[in-house]
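Inspection log for the structure reproduced underneath, given as structure tokens.
The sequence lines fix the lettering, A, B, ..., with proteins before strands; numbering per chain opens at 1. Worth saying up front: this structure is predicted, and the values here are computed from it rather than measured.
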2 protein chains.
Amino acid sequence: MTAATTLLAALEGSGHRTTGPRRIVAELVAGQDGAFTAVGLESAARAGGVHVGRATIFRAIELFESLGVVERVDLPAGDHAYVACVSHHHHHVICTTCGRSTEVEDVGIEALARTVGRRTGFRVDEHRLELFGICPDCQRVASGT
Amino acid sequence: MTAATTLLAALEGSGHRTTGPRRIVAELVAGQDGAFTAVGLESAARAGGVHVGRATIFRAIELFESLGVVERVDLPAGDHAYVACVSHHHHHVICTTCGRSTEVEDVGIEALARTVGRRTGFRVDEHRLELFGICPDCQRVASGT
DNA sequence: GCGGCGAATGATACTGAGTCTCAGTATCAG
DNA sequence: CTGATACTGAGACTCAGTATCATTCGCCGC
Ligand SMILES: [Zn+2]
Ligand SMILES: [Zn+2]
Ligand SMILES: [Zn+2]
Ligand SMILES: [Zn+2]
């Protein structure tokens with residue numbers, strides 16, 4: 001999980017204004033403990049008693065994404081979700097039960113992408129790898145206590 | 001590209017009825033030459049002068065997907081697209097310019113997924129790899145005829 | 001501290017993908 | 001052929017996401 005301060009620091013360091021609503025969104029994101037959706041943040045805000053306009057939430061997420069501190073992932077069910085994360089290249093393992101996610105440093109996909117490029121003639125310039133499974137905690141719960 | 005007959009064969013072989021609308025959708029899918037969206041099929045139908053209800057198109061795609069002859073891919077832009085494809089495990093390289101897609105036989109991700117599982121403690125039981133780039137044809141066009 | 005400017009906000013209206021319903025239709029086993 | 005039932009589609013509906021625009025607010029320079 002990324003701390004709210006990390007998100008806000010990214011804001012400041014890029015010439016964007018640090019505003020109240022953005023602070024709130026950053027806090028919500030930081031409190032998410034895993035993958036989250038825009039709509040999820042919206043209700044988290046409502047549940048927390050704070051109010052931020054829907055448009056603002058979407059804009060803030062988009063901004064954080066453009067700064068590389070939040071990344072979009074598409075859940076198997078089709079939802080557009082996001083995870084807060086470090087900005088260098090890496091991938092995620094996401095728990096299909098609780099949504100918690102863990103970062104995975106590059107495990108050799110670059111090479112693999114090059115292989116595919118060579119094999120197909122495509123100029124591969126983007127790739128997405130998402131791994132889904134059950135996290136240790138949820139495994140423990142599933143196996144009885 | 002998968003032939004319409006392949007899709008229909010999958011239907012028949014699974015106890016589902018072979019109906020007119022499904023035949024049309026199968027044909028539309030077969031004529032797509034790459035990744036396509038439900039909405040895209042809808043307009044393709046309109047353009048072709050045939051009519052199939054929106055709901056039916058969505059249901060047919062869903063069905064084909066459950067039969068493993070169509071697979072969902074999430075485009076970088078966020079659209080939910082699909083590709084017709086063989087049902088054994090493999091991945092896709094998709095052209096970001098024209099949408100054409102090519103199948104890629106497994107290039108070692110299974111092993112990679114196992115590595116990640118070992119490293120993170122997750123029980124990884126699903127993964128999605130999508131490669132995006134420019135296909136040979138579009139590269140040629142881009143580089144000035 | 002204060003003023004001003006442009007960035008940011010949010011109420012609200014809107015768009016459009018995808019779903020649901022249900023009465024009517026078509027498939028196919030027997 | 002015929003009945004059981006799987007399938008269809010018009011259209012209403014949901015709801016994530018976007019567009020608009022008057023208002024507000026952060027920030028920089030004084
Ligand atoms: Zn990350
Ligand atoms: Zn979990
Ligand atoms: Zn395929
Ligand atoms: Zn292309």
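When the P atom of dC15(D) is taken as reference, atom CD of Glu42(A) falls 12 Å away, rounded to whole Å. Here dG9(D) presents its P atom at 14 Å from CD1 of Ile61(B), a figure rounded to the nearest Å. Arg46(B) places its CZ atom 15 Å from the C1' atom of dG9(D), with the value rounded to the nearest Å.
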For this session: Begin from the C-alpha positions of Asp74(A) and His80(A) and carry the test side chain to side chain contact (heavy atoms under 4.5 Å, CB included) through to its verdict.
Result: CA-CA 5 Å; Asp74(A) 292 293; His80(A) 290 164; 2.9 Å; yes
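Contact detail for His51(A) and Gly53(A): the closest heavy-atom pair is NE2-N, 4.0 Å. For Ala113(B) against Leu131(A), the heavy-atom pair with the smallest separation is CB-CD2, 4.2 Å. Between Arg119(A) and Glu105(B) the shortest heavy-atom distance is NH1-O, 4.2 Å. Residues Arg72(B) and Ala81(B) share a closest heavy-atom pair of CG-O, 3.2 Å.
Sequence neighbours left out, the pairs with a member in residues 47-66 of chain A that pass salt bridge (Lys or Arg N to Asp or Glu O under 4.0 Å) are Glu42(A)-Arg54(A).
Residue contacts for Arg22(B): at a heavy-atom cut-off of 4.0 Å it reaches the sugar-phosphate backbone alone, with no base atom in range.
Looking at His127(B) and His91(B), their side chains come closer than 4.5 Å, going by heavy atoms from C-beta outward.
Each end of the helix from dG1(C)-dC30(D) to dG30(C)-dC1(D) yields a helix axis from five base pairs, and these two axes differ in direction by 50° (to the nearest 10 degrees).
Judged by distance alone, the side chain of Gln139(A) and the main-chain N or O of Gly121(B) form a donor-acceptor pair under 3.5 Å. When atom types are taken as modelled, the side chain of Glu130(B) and the backbone of Arg128(A) share no donor-acceptor pair closer than 3.5 angstrom.
Using a 4.0 Å cutoff to heavy atoms of chain B, the contacted part of DNA chain C runs 5' to 3' from dA17(C) to dC28(C).
Applying the side chain to side chain contact (heavy atoms under 4.5 Å, CB included) rule to Thr120(B) yields the partners Val93(A), Thr102(A), Val104(A), Val116(B), Phe122(B); only residues at least two apart in sequence or on another chain are considered.
Of the two residues contacting DNA chain D, namely His80(A) and Pro21(B), the nearest-nucleotide position lying further toward the 5' end is that of Pro21(B).
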Exercise. In the 5'-to-3' direction, what one-character label does each nucleotide of nucleotides 25-30 of chain D receive under the scheme B = base within less than 4.0 Å of a protein heavy atom, S = sugar-phosphate only, - = no such atom?
Worked result: -BS---
Would you list the atom pairs, donor with acceptor, under 3.5 Å between side chains in residues 21-31 of chain B and any protein atom, with sequence neighbours excluded?
from	atom 1	to	atom 2	distance (Å)
Arg22(B)	NH1	Arg17(B)	O	2.9

